[in-house]
2 protein chains.
Amino acid sequence: MNSQNDEIKKDYDFINESLINVYDSIMRIEESEIRKSRFKDITAKEVHLVHTIGLHDRKTTSQVAHILKLSKGTLTANLNNLERKGYVMRIPNVEDHRIINLGLTSKGRLLYRAHDAFHKLLVQRFLKGFGDSEIHLIKQAMVNLEEFIDEVSAK
Amino acid sequence: MNSQNDEIKKDYDFINESLINVYDSIMRIEESEIRKSRFKDITAKEVHLVHTIGLHDRKTTSQVAHILKLSKGTLTANLNNLERKGYVMRIPNVEDHRIINLGLTSKGRLLYRAHDAFHKLLVQRFLKGFGDSEIHLIKQAMVNLEEFIDEVSAK
DNA sequence: CAATTTAGTTTGAATATCAAACTAAATTTC
DNA sequence: GAAATTTAGTTTGATATTCAAACTAAATTG
């Protein structure tokens with residue numbers, strides 16, 4: 001049946017365009033949500049860094065640079081800004097004096113939780129109207145995508 | 001039942017982290033795919049611009065800047081690069097001499113199609129193993145997300 | 001036809017990024 | 001256990017990107 005195939009093609013095309021649009025849009029609305037919040041001195045990129053440091057507490061600078069795929073120099077520059085603004089702490093490692101461990105300040109944790117709450121809201125809306133099994137299905141699609149990404153990255 | 005709820009929470013958390021990771025990863029693999037292709041002189045951002053111009057043929061500079069949410073000055077700079085590299089054409093408008101319409105060169109169209117093919121592959125993998133009704137469901141989730149984005153952007 | 005508006009470019013400043021050189025600390029080697 | 005090597009993080013210098021505001025040229029309005 002042809003109208004049926006047309007439907008499927010439309011879904012494909014929509015999902016394709018959506019995947020491209022979504023991240024840009026998310027970054028943009030995160031930026032605008034930040035502007036309305038009490039944390040006005042921070043960019044969406046910096047929130048991303050705060051999120052990563054919050055998620056991976058007390059990791060070294062090199063480890064965080066690797067996770068974020070940033071050069072060490074770039075991360076140093078970002079850390080200087082976030083430390084100055086009071087979101088991130090550099091914690092000298094007592095066992096190995098070359099190492100700096102990273103953590104959030106209490107202000108950083110506040111930002112982390114606000115950002116996390118916003119993302120939870122986002123996911124709730126993403127999954128609005130779906131039941132458990134459907135959610136599981138959508139999760140599987142994300143797994144597919146990550147597998148593809150890993151595959152292509154590896155080769 | 002608690003283990004059931006744990007499952008759902010896990011799905012939520014996974015989808016949350018995934019949404020954050022995916023775009024960064026997509027940009028990165030696009031960059032690395034470009035490096036392997038015949039189009040080595042171009043960044044993922046520039047491909048994005050070529051995609052947009054290809055999708056919206058003969059639009060004016062201002063229209064494209066609006067679509068991409070870039071300032072006109074930024075777009076001018078990008079166009080200079082893409083014109084120099086031979087992907088994009090500036091077409092002076094005969095009716096209104098202030099207006100420049102944008103289009104792809106044949107090299108630009110080649111890049112457009114290569115990029116499009118890669119994205120189709122990506123979506124295929126995203127949807128691997130799903131039937132038509134399931135795909136429709138995933139599309140609906142993307143619609144939800146775009147609705148949320150529009151809502152938050154508007155307010 | 002002078003004043004205003006519009007489309008796109010130029011300019012100057014701010015920011016982000018990277019790779020390479022560098023510094024200090026830890027580990028390995030002889 | 002001192003010298004050589006490796007490792008962690010910072011600094012440096014160059015290049016990219018972006019924006020807003022000033023600017024130029026063309027079109028429209030009053």
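Chain A is the first sequence line, chain B the second, and so forth, proteins listed ahead of strands; every chain is numbered from 1.
Note on Ser71(B): a base of the nucleic acid sits closer than 4.0 angstrom, heavy atoms only. Nucleic acid contact class of Glu95(A) (heavy atoms, under 4.0 Å, all strands): sugar-phosphate only. Thr76(A) comes within 4.0 angstrom of a nucleotide base, judged by non-hydrogen atoms across all strands. Thr61(A) comes within 4.0 angstrom of sugar-phosphate atoms only, judged by non-hydrogen atoms across all strands, and of no base.
At a threshold of 4.0 Å, the pair Glu31(A)-Arg28(A) does not count as salt-bridged, since none of the basic side-chain nitrogens sits closer than that to a carboxylate oxygen.
For Val94(A) and Ala77(B), each mapped to the nucleotide of DNA chain C holding its nearest heavy atom, the one lying further toward the 5' end belongs to Ala77(B).
Taking 4.0 Å as the cutoff to heavy atoms of chain A, we find the contact window on DNA chain D bounded by dT7(D) to dT11(D).
More than 12 heavy-atom neighbours from other residues, nucleotides or ligands sit within 6.0 angstrom of NZ on Lys40(A).
In this structure, His115(B) and His119(B) have perpendicular ring planes: the angle between them is above 60°, well past the 30° mark.
When rounded to the nearest whole Å, the span between CD of Glu31(B) and C1' of dT17(C) equals 13 Å. Going from atom CG of Asn81(A) over to atom C1' of dT17(C) covers 13 Å, rounded to whole Å. Taking atom CG of residue Leu79(A) and atom C1' of nucleotide dA16(C), one finds them 14 Å apart after rounding to whole Å. Rounded to a whole Å, the CG atom of Leu70(A) is 12 Å from the P atom of dA16(C).
For the atom pair CG (Leu75(A)) and OG1 (Thr52(A)), the distance works out to 10.0 Å, reported to the nearest 0.5 Å. Of the inter-residue distances, the one linking Leu104(A) atom CG with Leu110(A) atom CG reads 10.5 Å to the nearest 0.5 angstrom. Taking CD1 from Ile135(B) and NZ from Lys10(A), the interatomic distance works out to 15.0 Å, rounded to the nearest 0.5 Å. Rounded to the nearest 0.5 Å, atoms CD (Glu134(A)) and CG (Leu137(B)) are 4.5 Å apart.
Among Thr105(B), Asp41(B), Asn81(B), the one residue that satisfies the side-chain hydrogen bond (donor to acceptor under 3.5 Å, both in side chains) test with Tyr87(B) is Asp41(B).
Linking Ile, Leu, Val, Met, Phe, Trp and Tyr whenever their side-chain heavy atoms come within less than 4.5 Å puts Val143(A) and Ile29(B) in one cluster.
Contact check for Met89(B) versus Arg58(B): side-chain heavy atoms found under the 4.5 Å cut-off.
Summary of helix geometry: the two end axes of the helix from dC1(C)-dG30(D) to dA14(C)-dT17(D), each defined by five base pairs via their C1' atoms, are inclined to each other by 10° (rounded to 10°).
A donor atom on one side chain and an acceptor atom on the other are not found under 3.5 Å apart for Glu46(B) and His51(B).
Against the 90° criterion about 0, the sugar-base torsion of dA26(C) places it in the anti range.
Within residues 40-56 of chain A, the residues having any heavy atom under 4.0 Å from DNA chain C are, by residue number, Lys45(A).
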